[in-house]
Amino acid sequence: MRGAWSRLAARAVLVLGFGVAAHAADPGKILHITFQAAETGFDPVRVSDHYSGIVIESIFDPLLTYDYLARPAKLVPNVAEALPEITDAGRTYTFKLRKGIHFADDPAFKGKPRELVAEDYAYSIKRFLDPKNRSPYAFLFEGKIVGLDELAAQAKKTGRFDYDTKVPGLEVPDRYTLRIRLKETDFNFSHVMAFTLTGAVAREVVDAYGDDINSHPVGTGPYLLKKYTRSSKITLEANPGFRDMVWDFAPGDDAADRDIVAQMKGKRLPQIGGVEISVMEETQSRWLAFERGETDIEYQLSDIAPRFMTDDGKLKPEFARRGIKLDRSIDPEITYTHFNMQEKIGNEPNPLGGYSTDRIALRRAIAMAYRIDDQIRILRQGQAIKAEYPIPPGVAGHDPAYRSIIQYDPRTANALLDHFGYRRGADGYRTQPDGRPLTIQYWSTPSERDRQFDELMKRSLDAIGIRVDIRKERFAELIKLDKQCRIMMRGNAWIADYPDGDNFMQLLYGPNTGQSNSACYQSARFDRLYEKTRQLPDGPARDRLYHDMTRLMEVDTVWILGDSRYRNALLQPRVIGYKKHPVLHSEWLYFDLVPGRGN
């Protein structure tokens with residue numbers, strides 16, 4: 001009987017994935033990868049870029065996470081004991097934390113072990129609304145939690161956010177219980193609490209490092225920041241105090257899942273002892289690094305895909321013979337070009353901004369002139385699908401049958417401009433209806449990849465007589481300018497923070513201006529519809545509202561919708577157990593490296 005009980009207890013550890021800490025990671029296993037753009041920092045409330053988020057995902061723990069193999073993405077507990085108890089018609093979420101989880105050792109804790117407790121999550125949520133942090137993700141909690149907006153409003157008046165003030169919507173009835181009370185029904189709020197940036201931050205660490213917190217992330221996650229050279233190199237190492245976690249995921253419908261289960265089942269996580277991330281903006285540099293075996297995974301090579309892929313999306317035989325593998329999926333993302341909808345940029349008039357018929361006609365003509373098929377065929381080398389809807393495939397709310405009212409049609413675009421008084425001058429370029437010169441500023445990074453997009457935009461606008469001024473800035477600076485509504489027009493991308501349509505439709509919500517609403521779009525009607533969707537679960541009723549919202553933003557012509565890209569991940573032979581997840585991005589927690597295979 002005792003032996004049977006022992007086997008049952010062992011199985012429970014496998015299922016739950018947690019127990020006593022065991023240092024499973026092998027320091028000799030170092031994963032080498034690249035980022036195609038620089039990070040901006042590692043304080044969860046102060047960043048919005050994809051690359052910083054990948055690192056943050058490895059260091060901090062949200063309450064919930066996602067099953068590694070399940071498709072579509074499936075919520076599972078992370079440091080919570082279970083999925084939340086949802087009561088009060090979707091307005092109250094109660095989370096119970098696992099006991100015995102500790103933050104990584106740091107001088108901020110003065111030599112004492114620091115356990116993760118419910119108050120850490122209450123504190124971390126408050127930080128999103130502290131005006132001092134200017135969080136680009138404040139929209140996750142603004143207008144949602146009882147009493148939190150009022151505390152933020154008081155901080156704006158006094159210049160100080162009082163973290164010790166009790167917020168009615170953030171209850172901590174005991175050390176391991178967090179109860180979140182929402183102002184309105186929201187059956188999708190669990191996804192927010194699985195989002196990477198909602199991981200717990202310790203107050204002592206924030207107090208210790210102050211404004212330098214971006215360079216000193218301290219969490220309870222599987223990895224630590226070991227070395228950091230801004231915009232160049234990031235080195236992570238496995239957290240020696242990470243809780244015991246055992247790989248135990250069920251295979252899905254994908255035949256490759258069975259191989260992954262055979263390779264990984266029962267292993268303590270993480271197996272990989274360190275991660276070295278190099279920032280390489282140019283595609284050619286990343287390709288050469290992979291070819292030489294200097295990197296283990298490379299998935300940002302769509303513009304040179306024909307070098308390693310056949311026309312039907314298979315790995316070329318010469319790479320397969322070397323043991324290289326290809327993992328292919330469509331990212332849950334959209335790319336788009338946003339117009340600045342404000343009538344002025346700073347003190348200067350914005351020829352693209354406003355809602356008068358002539359300004360809408362100008363934006364519509366530009367959108368109709370843009371050669372999206374060339375973007376996919378030439379620049380993406382066919383490694384993308386055209387986006388017709390602002391919610392991409394693989395995300396709740398996506399409609400594969402939807403077709404945008406804005407399609408490529410330069411002839412009609414020219415006629416539209418003629419009708420609204422944008423006359424051509426002797427040089428072939430148009431003026432504004434009042435006769436003033438017309439020049440559109442298009443912003444991008446100084447990379448070779450973006451230079452190709454610049455040329456495509458210029459060719460597209462030349463076809464309708466619109467002069468374009470290409471302006472260059474580093475990626476991190478462009479993000480800042482976007483938040484300040486100082487960019488007239490720029491290409492952008494949004495990949496799912498959580499696999500729900502809300503995460504994409506909020507990009508056009510007026511109160512999110514200065515955060516995720518890069519177009520600075522203000523539409524009272526759109527906002528009313530969006531607020532209604534937040535009270536509905538995924539389903540036909542919400543989908544109908546999403547349709548109405550999409551038509552409205554098309555009529556106003558806020559974006560040029562682009563594409564959703566294939567993620568073609570090339571893997572060196574020694575990488576085993578890898579599968580690209582639609583929401584998680586630091587999958588190295590879940591796979592392994594086998595010494596002696598390839599590099």
Side-chain angles (χ1 to χ4, degrees), residues 48 136 138-139 142 334-370 387 389-391 404-406 413 416-417 420-422 430 432-434 436 438-444 457 460-461 464 466-469 471 473 478-494 503-531 533 546 548-562:
S48 62
F139 67 85
E142 280 180 338
I334 53 169
T335 68
Y336 59 97
T337 301
H338 66 262
F339 300 109
N340 188 326
M341 300 294 285
Q342 296 195 343
E343 294 191 0
K344 286 189 175 182
I345 299 177
N347 294 320
E348 297 297 319
N350 173 19
L352 287 176
Y355 299 87
S356 61
T357 53
D358 60 316
R359 296 297 177 85
I360 293 174
L362 176 58
R363 294 193 297 267
R364 181 74 59 84
I366 292 172
M368 295 171 72
Y370 185 68
Y389 199 56
I391 302 172
S404 172
I405 62 174
I406 303 174
L416 194 61
L417 293 171
F420 282 92
Y422 292 92
R430 297 179 185 271
Q432 297 186 55
D434 61 6
R436 288 180 297 169
L438 174 61
T439 300
I440 303 302
Q441 297 171 3
Y442 178 77
W443 293 73
S444 66
M457 182 60 71
S460 299
L461 268 59
I464 57 172
I466 301 290
R467 189 189 306 275
V468 62
D469 173 21
R471 301 206 169 186
E473 190 52 86
L478 288 176
I479 292 175
K480 292 179 184 177
L481 293 172
D482 262 346
K483 303 293 180 278
Q484 298 165 2
C485 299
R486 291 175 57 192
I487 285 180
M488 189 181 294
M489 185 176 170
R490 180 170 92 87
N492 216 327
W494 191 269
N503 190 229
F504 290 85
M505 301 310 285
Q506 60 81 23
L507 296 171
L508 295 157
Y509 182 50
N512 289 348
T513 297
Q515 300 175 48
S516 56
N517 183 352
S518 298
C520 308
Y521 180 45
Q522 303 288 330
S523 167
R525 184 181 171 196
F526 185 98
D527 292 349
R528 284 194 299 270
L529 292 173
Y530 175 71
E531 287 160 4
T533 67
Y546 282 165
D548 292 344
M549 294 160 67
T550 301
R551 288 301 186 208
L552 182 58
M553 78 93 163
E554 289 174 346
V555 169
D556 288 337
T557 314
V558 186
W559 291 348
I560 305 172
L561 264 177

Could you check whether any side-chain heavy atom of K483 comes within less than 4.5 Å of a side-chain heavy atom of S48, counting everything from C-beta outward? yes
Output for pair (R525 CZ, D548 CG), nearest 0.5 Å, gives 7.0 Å
Could you pull out the closest heavy-atom pair between A361 and L416, with the gap in Å? O-CD2, 3.5 Å
Do L552 and S523 touch side chain to side chain, with heavy atoms closer than 4.5 Å? yes
Does some side-chain heavy atom of M549 sit less than 4.5 Å from a side-chain heavy atom of L508? no
In the structure I gave you, are the side-chain heavy atoms of R436 and P349 within less than 4.5 Å of one another anywhere? yes
Measure the spacing between CG of L529 and OG1 of T533 and express it to the nearest 0.5 Å. 8.0 Å
Are F139 and Y509 near enough that their ring centres are under 6.0 Å apart? no
Could you please spell out the steps behind the side chain to side chain donor-acceptor pair (under 3.5 Å) verdict for W494 and N503? CA-CA 9 Å; W494 191 269; N503 190 229; 3.1 Å; yes
How far apart are the closest heavy atoms of L417 and L362, and which atoms are they? CD2-CD1, 3.9 Å
From Y389 OH over to L561 CG, what is the distance, rounded to the nearest 0.5 angstrom? 11.0 Å
H338 vs Y336 aromatic rings, parallel, tilted or perpendicular, using cut-offs 30° and 60°? tilted
Of all the heavy-atom pairs spanning C485 and T513, show the shortest one and how long it is. SG-CG2, 3.6 Å
Which pair of heavy atoms, one from I464 and one from A365, lies closest together, and at what distance? CD1-O, 3.7 Å
Expected output: side-chain Q506 to main-chain N512 donor-acceptor under 3.5 Å: no
Within the side chain of R363, is there an N or O that forms a donor-acceptor pair under 3.5 Å with the backbone of L352? yes
Ionic contact status for E554 with R551, cut-off 4.0 Å: yes
About how many Å separate OG of S444 and CD of E473, when rounded to the nearest 0.5 Å? 10.5 Å
Any side-chain donor-acceptor pair under 3.5 Å between N492 and W559? no
Test your reading of the model: is there a side-chain donor-acceptor pair from R364 to the backbone of V555, 3.5 Å cut-off? yes
Looking only at atom types and distance, does a side-chain atom of R359 sit under 3.5 Å from a main-chain N or O of G353, one as donor and one as acceptor? yes
Between N350 and Q342, does any side-chain donor sit less than 3.5 Å from a side-chain acceptor? no
Out of curiosity, Y422 OH to I466 CD1, how far, rounded to the nearest 0.5 Å? 8.0 Å
Measure across M488 and P351 and return the closest heavy-atom pair with its distance rounded to 0.1 Å. CE-CD, 3.8 Å
Would you mind reporting whether M368 and I406 have side-chain heavy atoms less than 4.5 Å apart? yes
Which residue is it: D527, N340, V558? I am looking for the one with a side-chain contact (heavy atoms from CB on, under 4.5 Å) to Y521. V558
Using 0.5 Å steps for rounding, measure from the CE atom of M489 to the OG atom of S518. 14.0 Å
Between the main-chain N or O of G510 and the side-chain N or O of Y530, is there a donor-acceptor pair closer than 3.5 Å? no
Do the non-hydrogen side-chain atoms of Q515 and E142 ever get within less than 4.5 Å of each other? yes
Heavy-atom distance under 4.5 Å between the side chains of T337 and Y442, does that happen here? yes
Backbone N or O of F420 within a donor-acceptor pair of the D358 side chain at under 3.5 Å? no
